[in-house]
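Numbering of ligands and ligand atoms starts at 1, following listing order. Quick caveat: nothing in here was measured; it's all calculated off a predicted structure.
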Amino acid sequence: MRIIYVVGTRPNFVKTAPVIGALRERDPTGRHVIVHTGQHYDRLMSEVFLEELGVPAPDHMLEVGSGSHAAQTARTMERLEPVLADERPDLVMVPGDVNSTLAAALTAVKMGVPVAHIESGLRSFDMTMPEEVNRIVADRFAQWLFLHSPEAVTNLRHEGIAEERMHMVGNTMIDTLVALEERFRTAGTAARLGVAPGSYALVTLHRPALVDGPLLAETVAQLTALAQQMPVVFPVHPRTRKMMEGVGADHPGLLLTDPLGYLDFLSLLTDAGAVLTDSGGIQEETTYLGVPCFTLRDNTERPVTLTSGTNTLLGLDPAAIARIPVLLAERDGPPSAAPPLWDGRAAQRIADVLLATQ
Ligand code: UD1
């Protein structure tokens with residue numbers, strides 16, 4: 001097969017790495033082309049991840065960089081089109097829900113190239129989230145929809161997607177976590193940062209709804225208060241860093257770091273006493289690891305992490321951060337097991353599906 005994998009952001013790399021690995025291994029005579037759109041471009045947001053995940057150097061770098069949604073999407077489409085024209089792939093593989101996903105799916109479908117979508121069928125039912133628009137478009141045009149949770153099937157059926165396009169394969173992000181497990185469990189990142197395993201809250205925040213407006217200052221104030229009760233470790237996304245500069249530089253008690261590599265991040269995640277986030281993927285990783293997760297959003301496109309995982313929706317409400325110590329104390333019993341097919345073999349199932357079409 002001739003496959004083009006289009007990736008652009010940190011979570012894209014994590015979701016796609018095992019799929020590239022599985023398909024290269026199972027189809028060694030195929031052509032496997034990696035296109036990096038450049039939506040994320042800082043070394044800490046991009047190269048470090050690709051290196052740790054063992055992804056070969058991309059064959060094409062589109063260098064689209066940051067910009068408005070329209071500009072970023074348009075630049076990606078314009079620069080991807082000639083690559084698809086040259087490579088004439090049998091399919092374009094896109095992961096997740098970022099602007100690179102939307103742009104690549106649109107470019108491919110307009111050129112008559114079949115699209116495969118990893119992490120299909122998630123819905124927050126909140127069209128103000130750019131990711132919701134991106135995933136709906138990718139799913140609408142994909143020929144192969146690779147699903148990892150039961151609600152994805154329900155969502156896609158409601159949208160009239162034909163059953164034969166849906167394939168329940170499991171979670172490729174968890175494939176990556178499983179593959180790195182031995183390494184991150186011995187990485188000892190908490191000790192290097194001077195915090196004791198189990199004692200601290202790990203925080204990640206980057207969504208525009210939270211960090212681009214007045215809620216950010218309120219959130220930082222609440223985190224500073226939380227730090228009186230437990231250490232707060234906060235690797236700061238570049239978007240958030242920029243916005244925090246406007247909020248003031250003094251954050252007493254918070255252990256702020258640059259964005260971390262994936263091994264360091266997973267090490268901190270697995271050793272955290274609690275996690276506070278607005279990320280999608282982290283809700284899933286904490287569910288797999290059995291670490292309590294508090295999500296600072298009004299909704300989640302990943303309800304399986306609420307029903308069978310360790311996730312609690314706090315709402316888009318910084319004041320709710322103050323409830324975390326109480327909520328932690330009230331938790332009882334061991335967390336339930338990971339959802340079905342979050343087992344480290346999702347990418348192999350994707351390879352099974354695609355190679356069976358040959
Ligand atoms: C993007 C995705 C989001 C995903 C997140 C993961 C969209 C619409 N959003 O959000 O779904 O959860 O990635 O991280 O696709 N910046 C840098 N260096 C970088 C990348 C970004 O400094 O390498 C800064 C720039 O100032 C940029 C800002 O961060 O303007 C936001 O980047 P952008 O890619 O627009 O969105 P993210 O917030 O990263």
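- Residue His237 has at least one heavy-atom neighbour below 4.0 Å for each of these atoms of ligand 1: 14 (O), 37 (P), 38 (O), 39 (O).
- Using modelled atom types, no side-chain atom of Thr172 and backbone atom of Asp175 make a donor-acceptor pair closer than 3.5 Å.
- Ion pair Lys15/Glu119 flagged as a salt bridge, since at least one NZ, NE, NH1 or NH2 atom sits closer than 4.0 Å to an Asp/Glu carboxylate oxygen.
- Numbered from 1 in the order shown, with element, the atoms of ligand 1 that lie under 4.0 Å from a heavy atom of Pro11 read 6 (C).
- The backbone and the side chain of Arg239 each have at least one atom closer than 4.0 Å to an atom of ligand 1 (non-hydrogen atoms only).
- Protein heavy atom closest to atom 2 (C) of ligand 1, with residue, atom name and distance, is Val98 CG1, 3.6 Å.
- Atom 10 (O) of ligand 1 has His206 CD2, 4.1 Å as its closest protein atom, hydrogens excluded (heavy atom only).
- A perpendicular orientation is assigned to the rings of Trp342 and His148, their planes being inclined by more than 60° (bins at 30° and 60°).
- When only non-hydrogen protein atoms are considered, atom 39 (O) of ligand 1 lies nearest to His40 NE2, 2.7 Å.
- Of the polar atoms of Thr9, none of the N or O atoms is found under 3.5 Å from an N or O of ligand 1, judged by distance alone.
- Of all the heavy atoms in Gly8 and Thr37, the pair that sits closest is CA-OG1, 3.2 Å.
- Looking at Arg207 and Glu131, their side chains come closer than 4.5 Å, going by heavy atoms from C-beta outward.
- Scanning both residues, Leu193 and Leu268, for their nearest heavy atoms gives CD1-CD1, 3.8 Å.
- The protein atom (non-hydrogen) at minimum distance from atom 27 (C) of ligand 1 is Ser66 OG, 3.1 Å.
- What sits closest to atom 8 (C) of ligand 1 on the protein, heavy atoms only, is Asn99 OD1, 3.4 Å.
- Here the NE2-OG1 distance, from His206 to Thr204, works out to 7.0 Å after rounding to the nearest 0.5 Å.
- Under the 4.0 Å criterion applied to side-chain N and carboxylate O atoms, Asp212 and Arg239 are assigned as salt-bridge partners.
- Proximity of Met45 to ligand 1, defined as any heavy-atom pair under 4.0 Å, is confined to the side chain (atoms from C-beta onward).
- Contact atoms of ligand 1 toward Lys242: 25 (C), 26 (O) (distance under 4.0 Å to a heavy atom of the residue).
- From the protein, the heavy atom lying nearest to atom 7 (C) of ligand 1 is Gln39 NE2, 3.6 Å.
- Protein heavy atom at the shortest distance from atom 22 (O) of ligand 1 is Pro238 CB, 3.2 Å.
- The pair Arg183-Glu52 does not meet the salt-bridge criterion, since no charged nitrogen lies less than 4.0 angstrom from a carboxylate oxygen.
- Taking the charged nitrogens against the carboxylate oxygens, Asp42 and Arg241 have no contact shorter than 4.0 Å, which rules out a salt bridge.
- Here is the list of ligand 1 atoms found below 4.0 Å of a heavy atom in His69: 8 (C).
- Of all protein heavy atoms, the one closest to atom 3 (C) of ligand 1 is Glu131 OE2, 3.2 Å.
- When the options Asp42, Ile282, Thr101, Asp97 are ranked by their closest heavy atom to atom 18 (N) of ligand 1, first place goes to Asp42.
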